[in-house]
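Index from 1, following the sequence.
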Amino acid sequence: MANLQDIGLSAAINILSALAFLVAFAILRLQPVNDRVYFPKWYLKGIRGSPTRSGTFVKQFVNLDFQTYLRFLNWMPAALKMPEPELIDHAGLDSTAFIRIYLLGLKIFVPITSLALVVLVPVNWTGKTLETIQNVTFSDIDKLSISNVPSGSDRFWAHLVMAYVFTFWTFFVLYNEYKIMANMRLKFLAYENRRPDQFTVLVRNVPPDTDESVSEHVEHFFCVNHPDNYLTHQVVYNANELASLVERKKSLQNWLTYYQNKYERNSSKRPTTKSGPWGLWGNKVDAIDYYSSEIEKLSKEEEVERQRVISDPNAIVPAAFVSFKGRWGAAVCAQTQQSRNPTIWLTEWAPEPRDVYWPNLAVPYFALTIRRLLMAVALFFLTFFFMIPIAFVQSLANIEGIERVLPFLKPLIEKPTVKSLVQGFLPGIALKIFLILLPTILMLMSKIEGYTSLSSLERRSAGKYHLFIFVNVFLGSIITGTALQQLKTFLKEAPTEFPKTVGVSIPMKATFFITYIMVDGWAGIAAEVLRLVPLIIFHLKNSFLVKTDKDREQAMDPGCLTFATSEPRIQLYFLLGFVYCVITPILLPFIIVFFAFAYLVFRHQIINVYDQKYESGATFWPDVHRRLIIGMIISQLLLMGLMSTKNAENSTPLLIVLPILTIWFHIFCKGRFESAFVKFPLEEAMVKDTLEKATEPNLNLKAYLQDAYVHPVFKGGDLYKHLVIDEEESSPLVPTKRKSDRGSKLNSGRNSDVDQ
């Protein structure tokens, strides 16, 4: 059990680590040779030029202007200067909405912390009940928690009133933030520049037709059912194998470039490699000749596969991107049912071209339900069986566990400094290391489920990660950790004392979470701004693969906000704040430091570094709001259970009102704001269409859209031109190859739609 000394040592270690990261970042970002690592976004926008092109040889690598070192912290105020509207134009609404989550944390917890420290901490400190209970392990931190209040005391009225105050304040902040975000999204969509996804709908599960190809069937259906609005369409090809060949060829090209550069530096000796996998074994061969030969063979395979995909009807999947003459027509199609059979001609807004996850478009629609069921079962077993190794790690990350497994270390561990280090620092870092591989596994599961956009993949992965963190990090750390520490007490005491001990023990895990916050939320965020891994990778690429400015630009790795991992991680801090704001308020200042520091760092990153892969218009905000509501309900139920163990029976009828009010609040907000994130108002669509026709009467929209949704492996060559569909715009009634097409044009949406 960590005490104040252990917490102090942990705080010192993490603060020093964070300062070391910040100082290293402040120095490294000033060096010209690192400019593309710490300011890649400005290079991608074409605003910033390389400082290594001019000046003396030394100045190309090292900043010799010592005055800049005196202002090495000026990046902090600079990160806060850019106004929010300009930030949206610069980085996009997704990035701006993401950092508003940190700002939301400050809005909620700064007032709550002030009130809790003034009201609840004195109430808890003067309770003086832990010292009277025998056989219970506690620390000075626990004296500031609700555990220190005597059972049945009138002091619990303070906690009860504060629970209501905190809940209503959170309602107020969440409602206003949801309203702000809904207005920001609608304004963003209203003033956003023209994009292909504004006119395009993704159609899935196109029913088979014996007389028409998929392309002809799609054209026929939409010309009949959307005669005034249909413009063009692009069928979807299963080009996954071709994409794999292209990636392999790109990898081989990088190796060829590396060995060519190596030979240019030392032309006296030809570089060699081994012909086996990864160049680790096999016959020794000339590296340049070998990779040139492999690329040539792969190019031939690629060409054959391209021709097969284009000519093989079976390579066309029953899906298409259908574009319309205006946003209004696209909105009508995307938000309505197209057939009497609700399982065919399924329409949804198309992701923007950068957001499309092409491999999953080839997944048969009927397989999606099975895949998602299997992944749900897999997630259940992964979540609950992962608690076993986490419990093992947590049991070892304390003095008793280490001494039990490694008894010869007992003399060293019992030293005060080492003991404080183990108890105050090791548990948090052990848990963080243990969770490193988890996001990759969860993202793979989401891809197997068949979602067709990167944004939806990230939202689904975030949902899985949130569940996992709640069960394993939060509940696992409380239940498993507490049970291991208090096992002897549970076995020895009378059954009537069991609920009392549980009620006292749950708040005692606050010390563990304080150490975790400092490791993950302080030092971890500081490490984020340093970008050590991208820095090393850039210089490796720059040394071995870069020959031209274009190569140098491709070597940059600006990265992006990873919503799938970052948002659930933030939700853990919200959950800890909601749970402990009444139980152990002393934890709240650590959370506030996290939110403030993270807001500063990530605002800097989205301005100077991150380049988002896509722009969804903050469609993830309803998920953020829902998970905050879940955190509030969990905290209210835990408080209700805890108060019942403290003989405060009169509190249960009053506390049960809180989750009911919270659920009602969520339903109200969902009905009031969620539609802004899932639907596009026809009124707004018509306004944009009318304005565009007035300002650009000669716009060739078909030319603008014709190659927007062509698979990336087909772009840039002559072959892709054969994939673009050339529709007849003069007549909405198109010829059909059906043997009996009497009335088929009027009933094309009904063919085979009942027995599918």
Side-chain angles (χ1 to χ4, degrees), residues 85 88-89 92-94 181-204 218-235 319-339 345-356 453 455 614-619 673-710 724-734 748-749:
I88 294 174
D89 291 337
L93 185 58
D94 280 344
M181 286 307 309
N183 290 333
M184 286 176 63
R185 173 174 165 81
L186 291 175
K187 185 177 180 180
F188 176 79
L189 296 177
Y191 292 99
E192 186 183 27
N193 294 330
R194 182 171 54 248
R195 293 195 326 190
D197 55 295
Q198 297 170 353
F199 303 88
T200 307
V201 169
L202 174 60
V203 183
R204 305 191 73 184
V218 169
E219 181 182 10
H220 184 201
F221 179 86
F222 283 95
C223 278
V224 171
N225 294 286
H226 297 268
D228 298 325
N229 299 304
Y230 170 72
L231 178 63
T232 184
H233 75 276
Q234 172 60 56
V235 293
F321 291 99
V322 179
S323 298
F324 294 83
K325 297 176 182 177
R327 299 168 182 82
W328 189 90
V332 170
C333 181
Q335 296 166 185
T336 56
Q337 183 173 313
Q338 304 302 308
S339 170
W345 296 108
L346 302 175
T347 58
E348 60 185 84
W349 280 107
E352 70 158 318
R354 295 180 302 166
D355 193 16
V356 177
S453 66
S455 56
Y614 58 84
E615 176 59 59
S616 69
T619 53
F673 300 118
E674 188 171 306
S675 61
F677 296 87
V678 296
K679 296 179 181 179
F680 187 41
L682 295 180
E683 179 185 19
E684 296 288 337
M686 182 59 74
V687 168
K688 289 208 72 169
D689 287 341
T690 304
L691 184 63
E692 188 171 72
K693 289 177 182 178
T695 56
E696 300 180 72
N698 298 322
L699 173 66
N700 187 348
L701 187 60
K702 186 175 181 181
Y704 172 73
L705 294 171
Q706 66 176 359
D707 64 339
Y709 286 97
V710 172
V724 178
I725 308 301
D726 186 19
E727 291 77 13
E728 292 287 340
E729 294 187 60
S730 57
S731 173
L733 300 181
V734 296
S748 85

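- Among pairs with a residue in residues 678-688, none fulfils salt bridge (Lys or Arg N to Asp or Glu O under 4.0 Å), at least two apart in sequence or across chains.
- No donor-acceptor pair under 3.5 Å is formed between the side chain of Gln706 and the backbone N or O of Tyr704.
- Listed by chain and number, the residues in a salt bridge (charged side-chain N to carboxylate O under 4.0 Å, His left out) with Asp689 are Arg327 (sequence neighbours excluded).
- In this structure, Val218 and Val203 have side chains that are not in contact, with every pair of non-hydrogen atoms separated by 4.5 Å or more.
- Partners of Thr347 by side-chain hydrogen bond (donor to acceptor under 3.5 Å, both in side chains), not counting sequence neighbours: none found.
- Here the CG atom belonging to Leu682 is positioned 6.5 Å from the CD atom belonging to Gln335, to the nearest 0.5 angstrom.
- Residues Asn229 and Val332 fail the side-chain proximity criterion, which asks for heavy atoms closer than 4.5 Å.
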Worked check of side chain to side chain contact (heavy atoms under 4.5 Å, CB included) between Leu231 and Phe199: CA-CA 9 Å; Leu231 178 63; Phe199 303 88; over 6 Å; no
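- Two rings, from His233 and Phe222, have their centers 6.0 Å or more apart.
- Taking CG of Leu691 as the start and CE of Met686 as the end, the distance is 13.0 Å to the nearest 0.5 Å.
- For the side chain to side chain contact (heavy atoms under 4.5 Å, CB included) test, no residue two or more places apart in sequence or in another chain qualifies with Asn193.
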Show me the side-chain donor-acceptor pairs of residues 183-191 shorter than 3.5 Å, one per line, residues at least two apart or across chains.
from: Asn183; atom 1: ND2; to: Lys179; atom 2: O; distance (Å): 3.3
from: Arg185; atom 1: NE; to: Ala676; atom 2: O; distance (Å): 2.6
from: Arg185; atom 1: NH1; to: Ser616; atom 2: O; distance (Å): 3.3
from: Arg185; atom 1: NH1; to: Gly617; atom 2: O; distance (Å): 2.7

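- Residues forming a side-chain hydrogen bond (donor to acceptor under 3.5 Å, both in side chains) with Glu352 (at least two apart in sequence, or on another chain): Arg354.
- Heavy-atom minimum distance, Thr232 versus Tyr230: O-CE1, 3.5 Å.
- Legend: residues meeting salt bridge (charged side-chain N to carboxylate O under 4.0 Å, His left out) with Asp94, ordered by chain and number and at least two apart, are absent.
- Evaluation of the ring-ring contact (aromatic ring centres under 6.0 Å, His included) rule for Phe321 yields Trp358, Tyr709 as partners, not counting sequence neighbours.
- Using a 4.5 Å heavy-atom cutoff, the side chains of Gln198 and Trp349 are not in contact.
- Listed by chain and number, the residues in a side-chain hydrogen bond (donor to acceptor under 3.5 Å, both in side chains) with Asp355 are Ser455 (sequence neighbours excluded).
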Test log, rule side chain to side chain contact (heavy atoms under 4.5 Å, CB included), inputs Trp345 and Gln337: CA-CA 8 Å; Trp345 296 108; Gln337 183 173 313; over 6 Å; no
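- Listed by chain and residue number, nothing satisfies the side-chain hydrogen bond (donor to acceptor under 3.5 Å, both in side chains) test with Glu674 (two or more places apart in sequence, or in another chain).
- Within the 4.5 Å cutoff, no side-chain heavy atoms of Tyr614 are placed close to those of Pro351.
- With sequence neighbours left out, the salt bridge (charged side-chain N to carboxylate O under 4.0 Å, His left out) criterion links Arg194 to Glu692, Glu696.
- The shortest non-hydrogen separation linking Pro196 to Thr200 is O-OG1, 2.7 Å.
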Test log, rule side chain to side chain contact (heavy atoms under 4.5 Å, CB included), inputs Met181 and Phe677: CA-CA 9 Å; Met181 286 307 309; Phe677 296 87; 4.0 Å; yes
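- Phe680 pairs by the ring-ring contact (aromatic ring centres under 6.0 Å, His included) definition with nothing, not counting sequence neighbours.
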